[in-house]
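One structure below.
The sequence lines fix the lettering, A, B, ..., with proteins before strands; numbering per chain opens at 1. Note that this is a predicted model, so its numbers are computed, not measured.
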Amino acid sequence: MKLLIVESPAKAKKIQGYLGAGWKVLACLGHVRDLPASKEDVPDKHKGLPWARLGINVEEGYAPLYVTRKGKSKTIQELKAAAKRAEQVFLAADPDREGESIAWHLSVLLGLGKNAQRITYQEITQAALRKAVEQPRPIDFRLVAAQETRRALDRLAGYGVSPLLWASVGGAQSAGRVQSAALMLLAQREQARLAFVPAGYWRVTARVGSQPPFQAVVVAVRDTPLATAASFDAQGQVKAGLNVMQLDAVKAEQLVTYLNRQQASVQQVEVTPVTRKPPAPFTTSTLQQAANARLKLGAAEVTKLAQSLYEGGFLTYIRTDSPALSDEALQLAREAVATRFGRDALPPSPRQYATRNANAQEAHEAIRPAGKFLPPADTGLAGDELALYTLVYERTLASQMRDALGEKTSIVLQAGVVTLAASGTRLLEKGFTALYDDTEKDEEDQVLPTLTVGAAFPLSNAKAEEKRSTPPARHTEGKFVQLMEKAGIGRPSTYGNTLDTLLKRGYIAVRNRQLHVTPLGLLIAGYLLKQVPQLVDVKFTATMEADLDRIAEGALTRTAYLDAVWKEQLAPAIDRAARTPPRVQVPHLPAVFEARAGQVYLNAQGRAAPVPEGLLPEDLTEQAVGEVLAGTWKGPRKGRASGADTRQRAESGKQATGGKRGGEGRTSTRKRASGTQARTTRRKTS
DNA sequence: CAGTGAGCGAGCTTCCGCTTGACTT
């Protein structure tokens, strides 16, 4: 009997089917050993050593202490027993840095020594597997070293900076390479929104009486452009060097009267062809984004549904950073398109997609229908599972369809001293959009008549509308996952966890499907930016990845890298850091948030009051500040169905000043405060 | 005399990444 070990049980089952008798295929369920998480994980032999709880002996070349992971002993026993009976053992963990490490840990635990046979393959087909088992190789210790370096750095940074926060920021619980950089991304956006000063401007439109009529918008008066949202900066001022006309209510009304008496003549008609390519098949992050936007599902829900579809054999592996399809999948997708839309819907040659993400490891292919590409109606699925499968199915097929072709028409009209414009897009060939349309609707877009230059039409129904420039939008969960991927922060298997951690710790909150940063989150981001700037720098991970690649190539050693980053940068920054409670000014208000004694306070008018549960920075107005100080704040304004949809995690509990008792009390109040009502409003009923 | 509560001190929290069930609520 030959033993082959993979990470996932679903994969094991499939491979067992391909290899057949004479083989036993087992799963190790991911990592089997790790650094001790806390004191109780430290084996007796090492108890008492000053570095044992950290799990890294910095002074002895950053030597790691590995222990069997909690809950893994049974799996390991089974693997050991199977290995003993096997004549050969193949280690087939995923073909990336973490997979190589898993293979090495397994070889140690199973006592394989130098006989460890490592195999990798890019797709799970019988041919690929047969080939792989004929070409085993030894474990790549450089790749293992790169993973060990990553692990050590995350432990040193996380267990180094977290205690700094405990000592400095009341209520703060944790910091780390990924969560802190991610928090910073959100905090910067939140700050930009809070500091934003909107500018008012007028939008004036009129109806052009052609056959059929259409709407045109005023773009200039006497050749001076009319101010639009894009004319203003974040302080509400006209951008430097821009010459624009700013109307007031009186002038806008005069313009309306003027227009209603004018004829507009066509000055310019421009028709340009538009080609749109289909989006690539899904990766973890793009699936999150699309399911969040189209199905209104949160990151955790998407993961749960997708995992269940994966286990049911409906989808391929769900944690991937590659949009590539296997040759087999390409053929199946094209056949499915041909069946549904005819051969004409296909481009002559299959489309292959590559990642544009520099940090991608590409150990798996894209998320797509598994097996025979069952049409959604034939799956027997229902509800959200069906909706998610359909989304994946259609996106995969669409990725193999023809481009959408159209033309965009832009018209310029002159009415006396006023210049107007209109635009419209016409779809000529639907292409992939027949199945999967991901375009956002443009309000300005309309169907335009065919016009010739010089033609003139009366204007009517002129309207003036006052508008305000809007601050940069908050991120949704899906958008945030995309941002993390783009910045190279975190991995497909952890995007959801990171979001969850930030929610649990009370650093961020979800309200109306938008991510907000809490007062505590703003304080932490501000503190870290000042005291340990390396940790919140989005480039930190990207640089780390490049260095890990050099370690994997043998061009850099583990200790040299850790000395440079830990000993010379992070550790001194932690030592130097001021252990004083941070303050954050609330823009536009004479108020500051401050963190002390395990609690976040709002400080204004020389008084301080604890920030009430559920208060987010956007809730603060002059009136709200007064209510918070008086202890009468009753939750966010109900104006736009806002407060009820705020979601924070039940267990979140800010670090209480006292031990257990405080923690328990807090948990129960929080359940009452947010748990029940949040769930009922979470999802639309279909 | 028993029960309550204030006050004090000791010990602990924490990272990222790879995988699923087995547990509650």
Side-chain angles (χ1 to χ4, degrees), chain A residues 5-13 26-41 53-56 69-72 74-75 93-103 105-106 147-167 169 171-182 284 303-304 307-308 310-311 317-321 361 363-364 484 489-498 500-501 504-505 524 535 541 544 548 566 570 574 598 650-651 653-663 667-668 671 675-676 679:
Chain A
I5 304 172
V6 294
E7 295 178 46
S8 149
K11 206 177 192 179
K13 206 172 142 196
L26 294 176
C28 68
L29 308 168
H31 279 296
V32 287
R33 292 202 305 177
D34 192 11
L35 307 173
S38 64
K39 203 174 178 178
E40 59 186 33
D41 287 350
R53 205 162 62 94
L54 187 61
I56 305 278
R69 292 176 62 102
K70 265 207 179 74
K72 276 292 166 67
K74 196 176 153 217
T75 309
D94 295 344
D96 57 16
R97 198 164 61 213
E98 298 294 328
E100 200 70 18
S101 166
I102 290 172
H105 282 293
L106 283 172
Q147 190 277 343
E148 223 167 25
T149 309
R150 197 278 306 157
R151 184 67 190 91
L153 177 64
D154 284 336
R155 169 53 65 90
L156 290 168
Y159 279 31
V161 179
S162 294
L164 176 63
L165 285 189
W166 305 337
V169 187
Q173 294 178 67
S174 63
R177 173 178 60 84
V178 170
Q179 64 169 280
S180 297
T284 304
T303 304
K304 206 174 161 199
Q307 176 72 23
S308 141
Y310 165 64
E311 285 166 21
Y317 193 60
I318 62 161
R319 288 176 274 268
T320 175
D321 50 22
Q361 308 249 329
H364 308 276
M484 280 199 279
I489 305 172
R491 303 277 316 133
S493 63
T494 62
Y495 297 138
N497 293 348
T498 303
D500 223 44
T501 299
K504 259 189 205 158
R505 303 263 184 267
I524 292 171
L535 195 70
T541 290
M544 178 195 80
L548 294 184
W566 174 248
L570 288 172
I574 293 169
E651 323 81 278
K654 294 168 189 145
Q655 185 64 36
T657 42
K660 272 182 184 164
R661 222 183 327 153
T667 307
S668 57
K671 267 179 204 153
T676 48
R679 212 158 303 143

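Side chain of A:R155, nearest nucleotide from B:dT20, B:dC15, B:dC16: B:dC15. Checked against B:dT19, B:dG17, B:dT14, the side chain of A:V178 finds its nearest nucleotide in B:dG17. For A:Q307, the listed nucleotide lying nearest its side chain is B:dT20; candidates were B:dT20, B:dC15, B:dT14. Listed nucleotides: B:dT14, B:dT19, B:dG17. Nearest to the side chain of A:R319: B:dT19. Of the candidates B:dC16, B:dT20, B:dT14, B:dT14 carries the atom nearest the A:R53 side chain, counting heavy atoms from C-beta on.
Contacts of A:A10 with the nucleic acid, taken as non-hydrogen atoms under 4.0 Å apart, are absent. Residue A:G490 is classed as a sugar-phosphate contact, given heavy-atom separations below 4.0 Å to backbone atoms only. No engagement by A:N497 is indicated, since no non-hydrogen atom pair under 4.0 Å with the nucleic acid exists. Using a 4.0 Å heavy-atom cutoff across all strands shown, A:G176 reaches sugar-phosphate atoms only and no base atom.
The distance between atom NZ of A:K504 and atom P of B:dC16, rounded to the nearest whole Å, is 12 Å. One interatomic measurement links the two molecules: CD of A:E148 to C1' of B:dC18, which rounds to 16 Å at whole-angstrom precision. Atom-to-atom, NZ of A:K11 to P of B:dT19 comes out at 8 Å; the value is rounded to the nearest Å. Between the CD atom of A:E40 and the C1' atom of B:dT13 there is a distance of 12 Å, rounded to whole Å. B:dG17 atom C1' lies 10 Å from atom CD of A:E7, rounded to whole Å. Between A:L164 atom CG and B:dC15 atom C1' there is a gap of 14 Å when expressed in whole angstrom units. One atom, CG of A:D41, and another, P of B:dT14, lie 12 Å apart when rounded to the nearest Å. For the pair A:Q179 CD and B:dT13 C1', the interatomic distance rounds to 13 Å; values are reported in whole Å.
At least one side-chain nitrogen or oxygen of A:T494 sits closer than 4.0 Å to the OP1 or OP2 atom of B:dG17. When the side-chain nitrogen and oxygen atoms of A:K39 are compared with OP1 and OP2 of B:dC12, one or more of them lie within a distance under 4.0 Å. Phosphate contact (OP1/OP2 of B:dC15, side-chain N/O of A:S162, threshold under 4.0 Å): absent. The shortest distance between the side-chain N/O atoms of A:S38 and the OP1/OP2 oxygens of B:dT14 is not below 4.0 Å. Taking only side-chain nitrogens and oxygens, A:R150 never comes nearer than 4.0 Å to OP1 or OP2 of B:dC18. Put simply, A:Y159 has no side-chain N or O that comes within less than 4.0 Å of OP1 or OP2 on B:dC16. Phosphate proximity of B:dC18 to A:R491: present, with a side-chain N or O under 4.0 Å from OP1 or OP2. Neither OP1 nor OP2 of B:dT19 sits under 4.0 Å from any side-chain N or O of A:Y310. Between B:dG17 and A:Q147, no contact under 4.0 Å exists linking OP1 or OP2 to a side-chain N or O. Listed pair A:S493 / B:dG17 fails the phosphate criterion, with no side-chain N or O lying under 4.0 Å from OP1 or OP2.
Here the side chains of A:T149 and A:L548 are in contact, with some heavy-atom distance below 4.5 Å. Side-chain atoms of A:R319 and A:Q307, non-hydrogen and from C-beta on, do get closer than 4.5 Å to each other. At least one side-chain heavy atom of A:L106 sits under 4.5 Å from a side-chain heavy atom of A:I5. Between A:R151 and A:H31 there is no side-chain heavy-atom pair separated by less than 4.5 Å. Two residues are said to be in side-chain contact when any heavy atoms from C-beta on lie closer than 4.5 Å; A:D41 and A:L35 fail this criterion. The closest side-chain heavy-atom distance from A:I102 to A:C28 is below 4.5 Å.
When the nearest nucleotides of DNA chain B are assigned to A:A157 and A:H31 by heavy-atom distance, the more 5′-ward of the two goes with A:A157. Residue-to-nucleotide proximity on DNA chain B shows that, of A:R69 and A:V161, the 5′-proximal contact is made by A:V161.
By the 5.5 Å and 30° criteria, A:W166 is stacked with the base of B:dT13.
Here A:D34 does not pair with A:K70 in a salt bridge; the nearest charged N to carboxylate O distance is not below 4.0 Å.
Applying the 3.5 Å distance criterion, the base of B:dT14 shares no donor-acceptor pair with the side chain of A:R505.
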